[in-house]
Amino acid sequence: MNRLFVMIFGLMLSLMALAQAPEAPVRWQVTVRMTSATEGTAVFKARLQPGWHLYGMQLPQGGPKPTVIDLAASKGVKFTSPLKPDREPLTVHDKMFGIDLNWWDSDIVIRRKFTVTDPSDARIAGKITYMGCNDQTCSPPSDFKFDKPVPKKS
C-alpha cells in the first residue's frame, strides 16, 4: 500500500512540474495599423524573456539562423518600405560560434509600411523564422505563422 501511495504521489508531482513549463523565451505579436484609407503599417513585436536574446536579420555564414520575416503569403497589399526595427541590434563576439553576431537583448518592434491594392481581401500573412539564445542554451529555430486582415479605415 505504501509503494502505491509513493508511486501515485510521484506521478502527481511529475504532472504538476510539466503543467508549469517555462514560458517560451521569445513570443511574437503581429498587428496591422492603418494610417489612412489606403496606407498602413504591419507591426511585428517580439517579447523576450529576461536573459534571452533574439538574433538579428543579417548574420554571417557559419552561425545561427537569422530572424526572417516572410510576407509572401500577404494579399491585396504592396509593401512600400523595408522591414525597419525600432533600434539597431547589438554586435557581440560570440564565443560559441567564434564570430561577431548581432542580436536584440530585449523586446523589439519591427515595422513595414504598405499600401492597399485590393481592399476586398487585403491581409498581412506569412511566417517569422527566429532563434533565441541565452548564456547557456539556444532554442531551436522556430516558425511563428500569422494571418491578419487589413482593417478598413474610412
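The chain is numbered in sequence order, starting from 1. Just so we're clear, the structure is a prediction, and the values are computed from it rather than from any experiment.
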Decide side-chain contact (heavy atoms from CB on, under 4.5 Å) for Asp94 and Trp103; before the verdict, give the C-alpha distance in whole Å, the side-chain angles of both, and the deciding distance to 0.1 Å.
CA-CA 11 Å; Asp94 188 288; Trp103 64 57; 3.8 Å; yes
Does any pair with a residue in residues 70-89 pass ring-ring contact (aromatic ring centres under 6.0 Å, His included), and if so which ones, sequence neighbours excluded?
none
Does a side chain donor of either Arg47 or Ser106 reach within less than 3.5 Å of an acceptor in the other side chain?
no
Do you know the tightest heavy-atom contact between [X] and [Y]?
{"X": "Ala122", "Y": "Val116", "answer": "CB-CG1, 4.1 Å"}
{"X": "Ile124", "Y": "Ala42", "answer": "CG2-CB, 4.0 Å"}
{"X": "Val77", "Y": "Ser74", "answer": "CG2-CB, 4.0 Å"}
{"X": "Pro25", "Y": "Trp52", "answer": "CB-CD2, 3.2 Å"}
{"X": "Arg87", "Y": "Ile108", "answer": "NH1-CD1, 3.5 Å"}

To the nearest 0.5 Å, tell me how far Lys113 NZ sits from Lys84 NZ.
9.5 Å
Gap between atom CZ of Phe44 and atom CZ of Phe144 - 0.5 Å precision
10.0 Å
[X]-[Y] co-clustered via ILVMFWY side chain contacts under 4.5 Å:
{"X": "Leu48", "Y": "Met57", "answer": "yes"}
{"X": "Val109", "Y": "Ile69", "answer": "no"}
{"X": "Leu90", "Y": "Leu54", "answer": "no"}
{"X": "Ile128", "Y": "Leu83", "answer": "yes"}

Residue list, side chain to side chain donor-acceptor pair (under 3.5 Å) with Asp143, at least two apart or on another chain:
Thr129
Stepwise side-chain contact (heavy atoms from CB on, under 4.5 Å) test for Asp100 and Thr91
CA-CA 7 Å; Asp100 288 344; Thr91 300; 4.3 Å; yes
For Ser120, give me all partners under side-chain contact (heavy atoms from CB on, under 4.5 Å), at least two apart in sequence or on another chain.
Asp118
State whether the number of non-hydrogen atoms from other residues, nucleotides or ligands found under 6.0 Å of Asp135 atom CG is greater than 12.
no
Test log, rule side-chain contact (heavy atoms from CB on, under 4.5 Å), inputs Thr31 and Lys148:
CA-CA 7 Å; Thr31 56; Lys148 299 286 183 177; over 6 Å; no
Would you check if the side chain of Thr67 reaches a backbone N or O of Tyr130 as a donor-acceptor pair within less than 3.5 Å?
no
Should the pair Tyr55 and His53 be assigned to parallel (<30°), tilted (30 to 60°) or perpendicular (>60°) ring geometry?
perpendicular
Let me know which of Pro66, Ser142, Pro141 forms a side chain to side chain contact (heavy atoms under 4.5 Å, CB included) with Met131.
Pro141
Before we go on, tell me: are the rings of Trp28 and Phe146 under 6.0 Å apart, centre to centre?
no
Any chance you could lay out the side-chain contact (heavy atoms from CB on, under 4.5 Å) test for Trp104 and Val26, step after step, and finish with the verdict?
CA-CA 11 Å; Trp104 295 285; Val26 179; over 6 Å; no
Presence of salt bridge, Asp147 and Arg123, under 4.0 angstrom:
yes
